[in-house]
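Accompanying notes for the structure given below.
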Amino acid sequence: MFRVSDVMTRQVVYLSAETPLDEAARVMKESDIGDVVVTDGATLAGMLTDRDIVVRAVAERADPGTTTIGSIITREVVMIEQHCTANEAAALMRERNIRRVLVCDSDRKLVGIVSLGDLAMQLDPQSALSDISEAAPNV
């Protein structure tokens with residue numbers, strides 16, 4: 001039985017809510033990731049995904065140089081404890097209709113992110129999603 005800690009991405013990228021959209025997109029491209037954790041000072045403000053950029057900014061014709069990521073992030077973050085099973089993480093994603101979950105330790109400290117692709121590679125290595133995720137890590 002795989003645990004979330006076995007499949008999660010441990011390298012979490014943090015950006016300030018004041019970061020311009022174009023800079024965040026550049027960081028995501030350079031890091032080959034599809035999400036960043038957004039902070040407001042020392043506080044977790046939310047999560048920004050590549051989909052947020054497309055749906056909430058590009059589709060609305062927001063100026064990427066002046067629009068801050070804090071204005072388009074998903075503020076309701078979903079967390080799961082790192083010792084939960086991969087099946088529990090998949091069930092949580094299905095229940096909440098989300099593709100990524102923040103992973104915390106027993107003290108609720110952020111230790112990683114687990115994506116639907118991460119889970120697919122472990123739970124169903126023969127699936128098309130697993131093949132796509134393996135070809136493009138951390139997306």
Is there a path from [X] to [Y] through hydrophobic residues (I, L, V, M, F, W, Y) whose side chains come within less than 4.5 Å of each other?
X: Val78; Y: Val111; answer: yes
X: Leu102; Y: Leu116; answer: no
X: Val27; Y: Ile69; answer: yes

So, do [X] and [Y] sit near enough that their side-chain heavy atoms are less than 4.5 Å apart?
X: Gln82; Y: Arg3; answer: no
X: Val58; Y: Ile53; answer: yes
X: Leu21; Y: Ile72; answer: yes
X: Ile73; Y: Met47; answer: no
X: Ser5; Y: Arg10; answer: yes
X: Met93; Y: Leu119; answer: yes
X: Leu110; Y: Val12; answer: yes

Considering non-hydrogen atoms only, spot the tightest contact between [X] and [Y] and give its length.
X: Val13; Y: Ser31; result: CG2-OG, 4.3 Å
X: Ala17; Y: Thr68; result: O-CB, 3.4 Å
X: Ile80; Y: Ala89; result: CD1-CA, 3.5 Å
X: Pro20; Y: Gly65; result: CB-O, 3.7 Å
X: Asp118; Y: Ile113; result: OD2-O, 3.8 Å

TODO: Please report the C-alpha distance between Val7 and Val114 in whole Å, then the side-chain angles of each, then the deciding distance to 0.1 Å, and finally whether the side chain to side chain contact (heavy atoms under 4.5 Å, CB included) criterion is met.
DONE: CA-CA 7 Å; Val7 299; Val114 65; 3.8 Å; yes
Task: NZ/NE/NH1/NH2 to OD/OE distance under 4.0 Å, Arg56 and Asp52 - done: yes
TODO: Would you mind checking if Arg100 and Asp50 are paired as a salt bridge, meaning a charged N to carboxylate O distance below 4.0 Å?
DONE: yes
Task: salt bridge (Lys or Arg N to Asp or Glu O under 4.0 Å) contacts in which one or both residues fall within residues 11-30, not counting sequence neighbours - done: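 Not a single pair qualifies under salt bridge (Lys or Arg N to Asp or Glu O under 4.0 Å).
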TODO: Could you list all the salt bridge (Lys or Arg N to Asp or Glu O under 4.0 Å) pairs where at least one residue sits in residues 80-98, not counting sequence neighbours?
DONE: Glu76-Arg96
- [ ] Look only at the side chain of Asp105 and the backbone of Lys109, and say whether a donor-acceptor pair between them is shorter than 3.5 Å.
- [x]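 It does hold such a pair.
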Rounded to the nearest 0.5 Å, what separation is found between the [atom1] atom of [X] and the [atom2] atom of [Y]?
X: Asn87; Y: Leu92; atom1: CG; atom2: CG; answer: 12.5 Å
X: Cys104; Y: Met8; atom1: SG; atom2: CE; answer: 10.0 Å
X: Leu48; Y: Ile33; atom1: CG; atom2: CD1; answer: 9.5 Å

Open item on the list: Could you go through Met79 and Val103, starting from their C-alpha distance and side-chain angles, then the distance that decides it, and tell me whether this counts as side chain to side chain contact (heavy atoms under 4.5 Å, CB included)?
Closed with: CA-CA 5 Å; Met79 295 184 95; Val103 181; over 6 Å; no
Task: CG/Asp40: more than 12 non-hydrogen atoms of other groups inside 6.0 Å - done: no
- [ ] Tell me, please, which residues at least two apart from Thr19 pass side chain to side chain donor-acceptor pair (under 3.5 Å).
- [x]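 For Thr19 there are no side chain to side chain donor-acceptor pair (under 3.5 Å) partners, ignoring immediate neighbours.
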